[in-house]
Amino acid sequence: MAPKDRPLVPEEWVRRLSSILCALPECREEPAWVGTRWRVGQATIAHVFGGEDQLFRITFRAEPDEVMAFEHLGDPYFRSGWGANVVGMLLDDDTDWTELGELLTDSYCLQAPVTLAAQVERPAVS
């Protein structure tokens, strides 16, 4: 059976993600093997892509305790099959972009050099 084509991520979503991520110090957008990724130096902060199942996903980095929490939350969250600190989220018309922005900012702070991460204002923990 031939693999299904992967859908392109809606351009509006890529622009929205770029507006969040490229506002962070030295973060840049670039094409990935599929979809689009954002990096600081050689470290990937986030990767958005369409799957063969026709669903859209974004993967990013999280603290170890958060990885376990995401794994147990279920949809729209998931744990990636690679990388100990890689988790993801299904994207659709109901995505909470404020929450996703906070998760991506955290991912940036985990991946960026300490001097760059220190320049980022992070949401206060309540």
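- Remark: of the listed residues Gln111, His47, Met89, Met89 is the sole one forming a side chain to side chain contact (heavy atoms under 4.5 Å, CB included) with Phe60.
- Environment of CD in Glu11: crowded, with over 12 heavy atoms of neighbouring residues, nucleotides or ligands closer than 6.0 Å.
- Closest approach of Val120 to Pro25, counting heavy atoms only: CG2-CD, 3.8 Å.
- Residue-environment remark: CG (Leu8) stays at or below the threshold of 12 foreign heavy atoms within 6.0 Å.
- In this structure, Tyr77 and Phe70 have tilted ring planes: the angle between them lies in the 30° to 60° band.
- Arg16 pairs by the salt bridge (Lys or Arg N to Asp or Glu O under 4.0 Å) definition with nothing, not counting sequence neighbours.
- Counting all heavy atoms, side chain and backbone alike, Ala84 lies closest to Arg79 at O-NH2, 3.5 Å.
- Checking side-chain atoms of Thr36 against main-chain N and O of Val48 turns up no donor-acceptor pair under 3.5 Å.
- For the atom pair CD (Glu71) and OG (Ser80), the distance works out to 11.0 Å, reported to the nearest 0.5 Å.
- In this structure a side-chain-to-backbone donor-acceptor pair under 3.5 Å is present from Arg28 to Gly41.
- A pairwise comparison of heavy atoms in Asp94 and Asp92 identifies N-OD1, 2.7 Å as the closest pair.
- Proximity of a side-chain donor or acceptor of Ser107 to a complementary backbone N or O of Leu103 within less than 3.5 Å is not detected.
- Checked by atom type and distance alone, the side chain of Arg61 never pairs as donor or acceptor with a backbone atom of Asn85 at under 3.5 Å.
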